[in-house]
Amino acid sequence: MTEGSFPNLEALPRGPLTMALMVQLEPPPLRRLLKKGLRRGLSTAELRQCLDADWGLALESESASSLLKALQDRRWFISSADADVWKTHLGS
Amino acid sequence: MTQIIAVHSFRGGTGKSNLTANLAASLGLQGKRVAVFDTDLASPGVHVLFGYTHEGESLCLNDFLQEDAAIKDCVHEVTPAPVKAAKGHVFLAPASMDSDRIARLLREGYQVEKLNDAIFALADALSLDYVIVDTHPGINEETLLSAAIADYLVMVMRPDSQDYLGTAVAIEVAQRLDVANIQLVMNKLPSQFSRDEVRLRMQESYEVSIGSILPLSEDLLTLASGGLAVLEFPNHTWSTAVRELAQALLEASPSA
Ligand SMILES: Nc1ncnc2c1ncn2[C@@H]1O[C@H](COP(=O)(O)OP(=O)(O)OP(=O)(O)O)[C@@H](O)[C@H]1O
Ligand SMILES: [Mg+2]
């Protein structure tokens, strides 16, 4: 993993995600992930690829799990219960 | 796969709505299925170019965003005759022109994510080749979303110092969102300006590709958004250049 490329999860703001917030989020791979989760969302395979390409992380790794948990807790990036899709969620 | 084209500018009046409608017609003339979304909900206008008028019960984008109407019921076919002859289709998701509804939308807001979902749901329902999103000028939630989900971001500017500065801001924001393909379009270039000098200045100012340089046109001014230049004056320099831009987009996305 490149130094500084992984977000400080503690420091991520707590409120709902807006596009204005997304533009300001650091580091860039986090923006990239949330942007890719717009449109039709990401399949698990696409998410895997995205985590690997930007962070060299396996989906099952501890870092990836804590990242996804932090995003799910904020309802910014949500996995669907009935379909294989991870979607970025804007607003409350 | 449906390609999304967002047409944006930092400042108002650059020609976004005229370009959106004429690009839609140009792609339609190539037999493509195109939908235009008027996301300029505070000051809609692109419907005028298609001669679309809001009638009685007909639904618009506001009904989807604020009333949970189905998106396919908020979209209307506006295919001009020459496009129909070329087996193309143009659909329009117009925004409300009712002042109370505009005020209500601004007051209450809506979930911008619905706009994202509407675009992709419609793309599937109508088997669209292209969705063109006409935007409000400047940076707000809708324009950021439109840029973020676009396969192509067409950024329109005039040869004006305010536009040069503002466009830099808009491009910087788009680049933070990793927008892959930004096409810069200069519109309303007066004939006394040198195209080469303008192109050079654009190249020096921004590290994005230059989609087109379109002249200031007396005919467009006279048409006054009362029709589509690519159909009314097909041989005009402006129209030819817009068709070429559409062709370039087609060639860049052959699967659409
Ligand atoms: N190349 C041109 N030459 C002359 N007039 C033009 C040209 N392009 C657009 N116009 C005129 O400029 C005006 C603004 O155009 P248009 O509505 O397309 O801009 P816009 O960027 O959508 O504006 P807004 O920001 O208000 O949505 C219209 O009157 C239109 O006819
Ligand atoms: Mg407009």
Side-chain angles (χ1 to χ4, degrees), chain A residues 2 4-7 11-13 15-43 45-47 49-55 67 71-92, chain B residues 1-6 8 10 37 39 65-66 71 105 108-125 128 130-131 133 135-136 138-153 169-182 253 256:
Chain A
T2 323
S5 75
F6 196 75
L12 284 183
L17 182 65
T18 60
M19 288 305 302
L21 175 58
M22 194 193 295
V23 167
Q24 291 196 303
L25 284 175
E26 293 292 349
L30 176 61
R31 288 201 296 276
R32 206 144 45 224
L33 174 65
L34 291 169
K35 188 200 108 155
K36 284 185 181 155
L38 293 169
R39 293 172 61 111
R40 299 173 194 271
L42 295 174
S43 66
E46 289 167 328
L47 174 63
Q49 200 180 4
C50 184
L51 290 168
D52 180 49
D54 266 324
W55 289 298
L67 170 67
L71 299 180
Q72 291 240 40
D73 285 350
R74 287 166 177 76
R75 295 184 45 75
W76 290 3
F77 191 65
I78 301 172
S79 75
S80 157
D82 42 43
D84 175 30
V85 57
W86 294 75
K87 215 161 172 295
T88 296
H89 173 63
L90 297 169
S92 48
Chain B
M1 210 42 156
T2 314
Q3 301 286 306
I4 315 294
I5 304 171
H8 185 229
F10 187 79
F37 272 72
T39 69
L65 296 172
Q66 285 201 300
I71 186 62
L105 190 111
E108 297 174 3
Y110 67 94
Q111 298 281 347
V112 278
E113 192 177 342
K114 288 193 81 175
L115 200 54
N116 175 77
D117 298 344
I119 288 172
F120 292 93
L122 195 74
D124 293 343
L128 297 172
Y130 291 92
V131 171
V133 183
T135 63
H136 191 64
I139 290 166
N140 65 27
E141 284 291 303
E142 289 95 335
T143 59
L144 289 173
L145 176 77
S146 307
I149 65 173
D151 296 288
Y152 300 94
L153 174 61
V169 175
I171 289 177
E172 187 194 320
V173 169
Q175 284 171 338
R176 282 185 71 82
L177 289 171
D178 257 320
V179 178
N181 198 333
I182 306 177
S253 53

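Bear in mind that the values here come from a model prediction, so they are computed numbers and not experimental data. Chain identifiers are assigned alphabetically (A, B, ...) following the order of the sequence lines, protein sequences preceding nucleic acid strands; residue numbering begins at 1 within each chain.
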What part of [X] lies closer than 4.5 angstrom to a heavy atom of chain A: side chain, backbone, both or neither?
| X | value |
| --- | --- |
| N140(B) | neither |
| D178(B) | both |
| A118(B) | neither |
| I4(B) | side chain |
| E141(B) | both |
| A147(B) | neither |

*asked:* Run V133(B) and E142(B) through side chain to side chain contact (heavy atoms under 4.5 Å, CB included) and show every step you take.
replied: CA-CA 10 Å; V133(B) 183; E142(B) 289 95 335; over 6 Å; no
[X] versus chain B, the contacting section by heavy-atom distance below 4.5 Å:
| X | value |
| --- | --- |
| L25(A) | backbone |
| R31(A) | side chain |
| T88(A) | backbone |

*Tell me, yes or no, whether the heavy-atom count around Q49(A) atom CD, taken from other residues, nucleotides or ligands under 6.0 Å, exceeds 12.*
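No, because the 6.0 Å sphere around CD of Q49(A) holds 12 heavy atoms or fewer from other groups.
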*asked:* Quick check on the interface: out of K36(A), M22(A), Q24(A), R32(A), who has the most heavy-atom pairs with chain B under 4.5 Å?
replied: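 When all of K36(A), M22(A), Q24(A), R32(A) are compared, R32(A) has the most.
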*So do E46(A) and R40(A) actually touch side chain to side chain, heavy atoms under 4.5 Å?*
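Side-chain contact under 4.5 Å: no.
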*Under the side chain to side chain contact (heavy atoms under 4.5 Å, CB included) criterion, do L71(A) and L30(A) qualify, and how do the steps go?*
CA-CA 10 Å; L71(A) 299 180; L30(A) 176 61; 4.1 Å; yes
Any donor-acceptor pair under 3.5 Å linking the side chain of [X] with the backbone of [Y]?
| X | Y | answer |
| --- | --- | --- |
| W86(A) | G37(A) | no |
| H8(B) | G138(B) | yes |
| H89(A) | S92(A) | yes |

